[in-house]
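To start, the structure itself, in structure tokens.
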Amino acid sequence: MFHCKFSVKRLIGIVIMAVLIIASVAAVDCRSAVNATVASRDAMIRILGSPKPNPSLGDEAQTFDRLIGSWDADFSFPQPDGSARHKKGELHFGWVMDGHAVQDLWIGYPTGNQKDRTIGTTFRFFDTKLKQWRIVFINPQFNYVVTTQGGREGDNIVLHGSDSDGLPIRWIFREITSQAFHWTGEKSHDGGKTWVLEEDHHMRRRAG
């Protein structure tokens with residue numbers, strides 16, 4: 001009788017251990033499956049980034065390499081009455097596609113009645129035939145796409161293009177240092193003879 005009870009207890013213990021082992025293996029398999037799914041979904045993001053510019057760019061890499069990193073932004077939008085609308089945000093610049101291009105994110109924080117942040121991205125690459133940087137900016141929230149091109153002019157980066165309404169625009173990175181830069185967006189209503197300041201943004205490099 002004692003031997004029978006002992007055997008039953010051992011059997012129950014073995015069954016419990018087996019159940020625990022199976023549960024543990026199942027949990028590991030589930031976590032692995034979840035991790036594999038997550039890894040497959042963000043694979044493009046991980047592969048997209050590059051730690052440095054491609055050597056083929058030579059000195060042209062310095063045009064935007066000095067902007068690589070994260071920045072805190074004070075966005076300012078001059079109004080016709082002389083006032084300015086302000087909002088805070090952030091910028092992130094990084095090399096992508098084996099260092100052949102620079103991509104950035106322009107993020108504006110919610111303000112006033114605006115509940116969602118705004119976010120746009122720019123893709124920048126050096127056209128070896130045109131000998132200029134070509135730029136495509138996209139803001140999907142506003143169905144906005146615009147292209148510009150240009151490069152360094154002295155200490156500035158100057159880009160020219162046309163806005164979605166067909167009018168000439170000029171984007172300038174100016175006062176560029178290791179810790180700050182000033183960006184202006186201008187539009188011309190007379191074919192480039194005069195320019196109206198529409199955006200006047202100041203960026204400071206984020207600590208750390």
Side-chain angles (χ1 to χ4, degrees), residues 37-51 53-54 63-80 84-127 130 132-151 157-174 176 181-189 195-206:
T37 300
V38 172
S40 66
R41 291 180 67 88
D42 69 7
M44 189 278 289
I45 299 300
R46 290 185 288 104
I47 296 171
L48 178 67
S50 302
N54 194 284
T63 301
F64 287 104
D65 189 57
R66 49 192 166 161
L67 302 180
I68 298 300
S70 297
W71 305 80
D72 292 311
D74 178 11
F75 297 126
S76 177
F77 303 88
Q79 303 299 302
R85 178 171 57 88
H86 289 267
K87 69 185 304 183
K88 297 294 184 181
E90 59 191 76
L91 274 68
H92 305 275
F93 288 76
W95 287 102
V96 297
M97 300 183 70
D98 293 338
H100 288 287
V102 172
Q103 187 168 1
D104 61 46
L105 291 174
W106 294 63
I107 300 172
Y109 300 150
T111 181
N113 295 325
Q114 177 191 335
K115 297 181 179 180
D116 298 324
R117 69 179 184 174
T118 58
I119 183 167
T121 187
T122 317
F123 190 84
R124 313 169 184 274
F125 76 96
F126 184 69
D127 189 314
L130 295 177
Q132 289 191 323
W133 283 85
R134 297 177 65 183
I135 314 297
V136 180
F137 176 77
I138 302 171
N139 187 321
Q141 291 163 292
F142 300 99
N143 303 314
Y144 184 71
V145 180
V146 68
T147 62
T148 63
Q149 63 186 55
I157 304 171
V158 181
L159 306 167
H160 292 270
S162 297
D163 207 348
S164 55
D165 58 9
L167 293 176
I169 55 174
R170 181 171 64 185
W171 294 347
I172 304 177
F173 293 81
R174 59 178 86 230
I176 304 172
F181 71 89
H182 180 193
W183 188 95
T184 56
E186 303 169 318
K187 179 180 286 189
S188 177
H189 297 265
W195 296 89
V196 177
L197 182 64
E198 294 191 329
E199 301 183 52
D200 189 20
H201 310 325
H202 289 82
M203 326 304 184
R204 296 199 66 83
R205 188 175 292 279
R206 181 169 292 179

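Throughout, numbering of the chain's residues begins at 1 and tracks the sequence.
Under the 3.5 Å distance criterion, with hydrogens and angles disregarded, a donor-acceptor pair is assigned to the side chains of Arg174 and Thr184. No side-chain donor-acceptor contact under 3.5 Å links Asn54 and Trp95.
Rounding to the nearest 0.5 Å places CD of Gln103 at 13.5 Å from CZ of Phe125. Rounding to the nearest 0.5 angstrom, the gap separating the CD1 atom in Ile172 from the NE2 atom in His160 is 7.0 Å. In this structure, the separation between CG on Asp163 and OG1 on Thr147 is 10.5 Å, given to the nearest 0.5 Å. Thr121 OG1 to Phe137 CZ: the interatomic distance, rounded to the nearest 0.5 Å, is 8.0 Å. Taken from CG in Asp127 to CZ in Arg134, the straight-line distance is 5.0 Å, to the nearest 0.5 Å. A distance of 11.5 Å separates CD of Glu90 from CE of Met203, quoted to the nearest 0.5 Å.
Applying the side chain to side chain donor-acceptor pair (under 3.5 Å) test to Thr148 and every residue at least two apart in sequence or in another chain returns nothing. The side chain to side chain donor-acceptor pair (under 3.5 Å) check on Thr118 picks up nothing, with sequence neighbours excluded. With sequence neighbours excluded, the residues that form a ring-ring contact (aromatic ring centres under 6.0 Å, His included) with His202 are His182. Remark: Trp171 engages no residue in a side chain to side chain donor-acceptor pair (under 3.5 Å) (not counting sequence neighbours). Taking Trp133 as the reference, Phe64, Phe126 meet the ring-ring contact (aromatic ring centres under 6.0 Å, His included) condition, with sequence neighbours excluded.
The closest side-chain heavy-atom distance from Glu198 to Ile169 is not below 4.5 Å. No side-chain heavy atom of Asn139 sits less than 4.5 Å from a side-chain heavy atom of Trp106. Looking at Leu159 and Phe173, their side chains come closer than 4.5 Å, going by heavy atoms from C-beta outward. Residues Leu167 and His189 have side chains in contact (heavy-atom distance under 4.5 Å, counting atoms from C-beta outward). Under the 4.5 Å side-chain criterion, counting only non-hydrogen atoms from C-beta, Gln149 is in contact with Leu130. No side-chain heavy atom of Phe181 sits under 4.5 Å from any side-chain heavy atom of Arg66. In this structure, Lys87 and Tyr109 have side chains that are not in contact, with every pair of non-hydrogen atoms separated by 4.5 Å or more.
Minimum interatomic distance between Asp98 and Ser50 (heavy atoms only, all atoms of both residues): N-OG, 2.9 Å. Residue Ile119 comes nearest to Gln141 through the heavy atom pair N-OE1, 2.8 Å, listed as atom of the first residue, atom of the second, then distance. Annotation for Val146 and Ser162: closest pair CG2-O, 2.9 Å, computed over non-hydrogen atoms.
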Between side-chain atoms of residues 70-77 and protein atoms elsewhere (two or more places apart, or another chain), which donor-acceptor pairs fall under 3.5 Å?
from	atom 1	to	atom 2	distance (Å)
Ser70	OG	His92	ND1	2.7
Trp71	NE1	Leu67	O	2.9
Asp72	OD1	Arg206	NE	3.0
Asp72	OD1	Arg206	NH2	2.7
Asp74	OD1	His86	ND1	3.4

